[in-house]
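Every chain is numbered from 1 and lettered A, B, ... according to where its sequence line falls, protein lines coming before strand lines. Quantities reported herein were computed from a predicted structural model and do not represent experimental measurements.
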Amino acid sequence: MVSRYKSFVYVEDLSRHIGEQVTLRGWVYDKTAKGKLVFIKLRDGSGTVQCVLFKPNVDEAIAEAAAQLTQESSVEIIGTVRAEERAPGGVELDVQDVRIHQLSANYPITPKEHGVEFLMEHRHLWLRSTRQHAIMRVRAQVVKAIRDFFDGNGFKLQDSPIFTPNACEGTSTLFETDYFDLGKAYLTQSGQLYAEATAMALGRVYTFGPTFRAEKSKTRRHLTEFWMVEPEMAWFDLNDDMDLAEDLVEYIVQHVLATSQRELLALGRDISKLEKVRRPFHRMSYSEAVEWLNANNVKLNRKQADGTEIQVDFPWGEDFGAPQEEALMTQFEKPCIIHRYPSEVKAFYMKRDPEDSRVVLAMDMLAPEGAGEIIGGSQREDDHDALLARLRHEQLPEEAFQWYLDLRKFGSVPHAGFGLGLERTVKWITGAEHIREVIPFPRMIYRIVP
RNA sequence: UCCGCAGUAGCUCAGCUGGUUAGAGCAUCUGACUGUUAAUCAGAGGGUCCGGGGUUCAAGUCCCUGCUGCGGAGCCA
């Protein structure tokens with residue numbers, strides 16, 4: 001028996017059905033009546049099409065049903081597909097029948113403007129709006145690009161656990177939960193440590209899933225639950241790592257350009273800016289970046305003991321904040337990788353630069369147009385004793401890291417990897433103002449509903 | 001956590017130096033119209049002015065306090 005759904009026709013395929021009678025299933029996005037005409041904008045998840053009903057052409061009962069329709073009522077509309085130059089999608093439907101499935105009453109989100117708080121409280125409905133719909137479709141394409149890129153380049157997907165017994169980078173930012181008789185478990189901040197283990201088994205791996213940070217960050221680039229893809233590669237050094245990061249980001253952007261023109265147009269995105277995202281990207285060392293900041297008079301706000309703020313030259317050794325990153329990126333139209341950060345501001349597992357012991361072989365990729373950091377990565381410390389010394393220096397619980405130290409005892413090799421933040425990447429590509437718009441149900445410091 | 005801003009109709013907002021019965025647009029409902037795209041035109045209904053306390057002859061408006069939300073910083077992807 002052939003499943004019923006195989007005969008469904010969707011709005012995005014209508015141009016292949018011109019002249020045919022089809023049944024569309026969807027929701028009323030908007031309705032206007034003008035005399036004997038009723039215009040119904042129907043959305044079905046794949047797109048939106050205007051359905052035109054001319055009252056003298058149908059039975060009175062059908063005209064009445066059409067007149068009854070309200071915003072977001074669910075309905076089946078039967079009609080003939082017609083090419084129509086005036087329509088945004090190039091086609092319209094001449095309505096022959098209207099079958100109401102459910103009439104919706106007082107749908108809260110109107111085509112007019114709304115405030116952020118109101119929209120966030122109705123996030124489950126807001127997702128139906130044109131702009132949110134376009135963003136979610138781009139998000140799906142970004143995920144597909146990531147998977148295609150790695151799957152097509154010899155990587156194996158090896159997902160890491162969500163429950164972990166220890167922190168990856170300090171304990172202040174972990175969500176804690178009870179774990180039976182074993183004490184506390186924590187929601188993972190990163191799958192990286194596990195990816196290092198699977199990379200030693202499979203060579204090139206990537207882990208892709210949600211990660212959690214209990215940071216009380218309240219900005220337009222932070223979520224407490226966000227998705228991260230983390231490749232990890234045996235035998236890669238920092239340069240290999242940076243090359244791979246460039247290849248990935250170029251691939252993602254070019255894939256979205258190839259598949260999502262309609263969505264980018266709906267979002268009002270300046271496509272010419274994305275077209276410039278081609279290898280090679282810019283690269284500079286942390287030290288060069290500090291020199292640039294000071295040469296261009298970008299100061300650092302520093303609080304004094306008495307509480308007042310003064311502006312000082314940017315000191316070598318300090319980590320960059322959003323203002324510094326933004327200033328650095330004003331000179332570039334494509335992403336820039338900053339590498340070799342001071343070891344003090346970076347995580348314990350990063351390998352020291354053999355040529356300069358003050359810095360580690362780390363790299364961050366900053367996206368242009370004020371989008372900020374989308375990638376953080378490094379070559380990992382592969383020497384057992386050096387790693388143990390770093391663990392002790394950071395006062396991390398040695399026992400919890402025994403298995404991780406094992407990786408440096410049994411066939412240790414140079415290896416490297418990075419993490420790409422999915423939401424930050426989608427925010428940059430879509431041009432969304434706030435990260436809460438690029439994940440269906442954002443989890444933020446002051447919001448967990450819906 | 002710190003700094004700043006806001007809360008008035010279903011939504012977005014206006015409301016002056018405290019002074020009559022708190023306003024507009026949209027949305028909703030009724031009517032007109034064969035091409036609307038945020039339609040237009042005519043009419044109707046719609047209020048715990050965030051909660052609590054205070055000052056005053058009089059508070060949406062001033063003061064104190066609480067709650068909620070927004071923007072930014074730090075930290076980070």
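- With rG74(B), rU36(B), rA77(B) as the choices, the nucleotide that has an atom nearest any side-chain atom of P323(A) turns out to be rG74(B).
- Nearest to the side-chain atoms of R424(A) among the listed nucleotides rG69(B), rG35(B), rC76(B) stands rC76(B).
- We find that OH of Y29(A) is positioned 16 Å from P of rU37(B), with the value rounded to whole Å.
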N/O to N/O distances under 3.5 Å, protein versus nucleotides 42-47 of chain B:
none

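- Stacking annotation: Y446(A) is not stacked on the base of rG69(B) (requires ring centroids less than 5.5 angstrom apart and an interplanar angle below 30 degrees).
- Remark: C1' of rA73(B) and CZ of R221(A) are 9 Å apart, rounded to the nearest angstrom.
- Side-chain atoms of K427(A) never come within 3.5 Å of backbone atoms of H434(A) as a donor-acceptor pair (strictly under, hydrogens ignored).
- Within 4.0 Å (heavy atoms only), L223(A) reaches at least one base atom of the nucleic acid.
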Test side-chain contact (heavy atoms from CB on, under 4.5 Å) applied to L53(A) and I62(A), step by step: CA-CA 9 Å; L53(A) 181 144; I62(A) 295 169; 4.1 Å; yes
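- Nearest nucleotide to the side chain of R220(A), out of rU36(B), rA27(B), rG72(B): rG72(B).
- Annotation for Y349(A) and S378(A): closest pair CE1-OG, 3.9 Å, computed over non-hydrogen atoms.
- Between rG60(B) and rG51(B), the distance separating the two P atoms is 11 Å to the nearest Å.
- Between the T188(A) side chain and the T164(A) main chain, no donor and acceptor come within less than 3.5 Å of each other.
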Atom pairs under 3.5 Å: protein N/O with N/O of nucleotides 38-40 of chain B:
from, atom 1, to, atom 2, distance (Å)
rA38(B), N3, K112(A), NZ, 2.2
rA39(B), OP2, D30(A), OD2, 3.4

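- Between the CD atom of E318(A) and the P atom of rG74(B) there is a distance of 10 Å, given to the nearest Å.
- The side chain of E113(A) sits closest to rU12(B) out of rU12(B), rU1(B), rG69(B).
- Checking rG35(B), rC70(B), rC75(B) against the side-chain heavy atoms of R436(A) singles out rC70(B) as nearest.
- Taking the six-membered ring for Trp, F320(A) and Y286(A) have ring centres closer than 6.0 Å.
- Here rC70(B) is the nucleotide among rU37(B), rA77(B), rC70(B) with the atom lying nearest to any side-chain atom of K218(A).
- Relative to the side chain of H114(A), the nucleotides rG71(B), rC11(B), rU36(B) differ in distance, and rC11(B) lies closest.
- The T219(A) side chain lies nearest to rC75(B) when the options are rA77(B), rG69(B), rC75(B).
- The CG-P distance, from L37(A) to rU37(B), rounds to 13 Å in whole Å.
- A centroid separation of less than 6.0 Å is found between the aromatic rings of F348(A) and F401(A).
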